[in-house]
Undergrad: 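Starting off with a structure, shown below.
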Amino acid sequence: MGSISGKKITSYIVEHLDPELGPWSTLEYRSIAQDSAKAGVRFFLSSVPTVMSLPPELRDLESLTIEHRSVEKLFQEDKGRVCLLDPAATVELSPEDGTKFDVFLFGGILGDDPPRDRTSELRKKGFSGRRLGPIQMTTDTAVRVTRMVVEQKVPLKDIPYVDYPELHIDENESTEMPFRYVKDADGSPCMPEGMVDLIKADSEKGFGDLL
C-alpha cells in the first residue's frame, strides 16, 4: 500500500467483522472491487478468517486483495495514514482528506438496519474518524461516496443522493430501502448488479437475513 512509479495509490479497506459472508455482502464487495479497478485504486478485505470459503463471485477478482490480518496489525506503526469512516465521528469527510490520508477504512457493514455500531470495534483502535453525513449507507455506497470526495474532490453536500428508495417487488408489493444511495445518470439508486433481484427474492425476509 503506497505508491507506484511515484503516484500515490489510495487504498480502501473493509474490515470484515462477521464469521460468515452472506449474499448481500458478496454483491457489495464484488461491486466495490469492480469500481476500484475502474478508478485505479486498491480494495482490501481484511480480517477474513482463514477458514472462510469465499464465494465464486469473489474468488477470481484481481482487483480484490484478501488479507487475513486485521487493520490494526497492518497499520500498528502507521495509524496516521488511516481514515476510519465512522457514523459517530464529529468531523465530516472533505476533499482535503484525500491529501491527509491514503487509506480509508470501513468497518463491517455500515448499512445495518437498525445500526449495530460495529464500527465501534475499530473506533477503539485510535484511527482518525470522518463522517459521511447523518443517514446510513450500504458499504458499497460508503466507499463510492468516499471515493467521490477524496478522488474527485466533490464535497459531500454536492453528491446527488436518493434516500430511502422504494423498490417495486411486483404489481402489488413494494419495499423501502432504509439507506442513502448515490443517484446514477437516470436518477435511480446505484446498487450492485444483482442486488435488486436478491432483494425481490428475499422480500419476505428481514434485512438481517440477507447480510
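One is the number of the first residue; the rest follow in order along the sequence.
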Undergrad: Are any side-chain N or O atoms of Lys153 and backbone N or O atoms of Pro95, one a donor and one an acceptor, separated by less than 3.5 Å?
TA: yes
Undergrad: Do Phe127 and Leu105 make a side-chain contact, defined as non-hydrogen atoms from C-beta onward lying under 4.5 Å apart?
TA: yes
Undergrad: Please answer whether the main-chain N or O of Ser188 pairs with a side-chain N or O of Asp186 as donor and acceptor at a distance below 3.5 Å.
TA: no
Undergrad: Please tell me whether Glu57 and Thr26 have a donor and an acceptor in their side chains that are separated by less than 3.5 angstrom.
TA: no
Undergrad: Is Gln152 reaching over with its side chain to a backbone N or O of Val154, donor-acceptor style, under 3.5 angstrom?
TA: no
Undergrad: Is the backbone of Leu21 close enough, under 3.5 Å, to the side chain of Ser25 for a donor and an acceptor to pair up by distance?
TA: no
Undergrad: Without swapping roles, check the side chain of Asp97 against the backbone of Lys100 for a donor-acceptor pair under 3.5 Å.
TA: no
Undergrad: Could you go through the side chain to side chain contact (heavy atoms under 4.5 Å, CB included) check for Met195 and Glu28 one step at a time?
TA: CA-CA 8 Å; Met195 182 63 76; Glu28 290 194 341; 4.0 Å; yes
Undergrad: With the threshold set at 4.0 Å, does a side-chain nitrogen-carboxylate oxygen contact exist between Arg130 and Asp86?
TA: no
Undergrad: Tyr12 and Phe43: aromatic ring centres closer than 6.0 Å?
TA: no
Undergrad: Hey, are Ser63 and Gln34 close enough side-chain-wise for a donor-acceptor pair under 3.5 Å?
TA: no
Undergrad: Checking side-chain polar atoms at under 3.5 Å, does Ser70 have a donor or acceptor matched by the opposite partner on Glu72?
TA: no
Undergrad: Taking His68 for its side chain and Val48 for its backbone only, find out whether a donor-acceptor pair lies under 3.5 Å.
TA: yes
Undergrad: Less than 4.0 angstrom from a charged side-chain N to a carboxylate O is my criterion; do Asp197 and Lys200 meet it?
TA: no
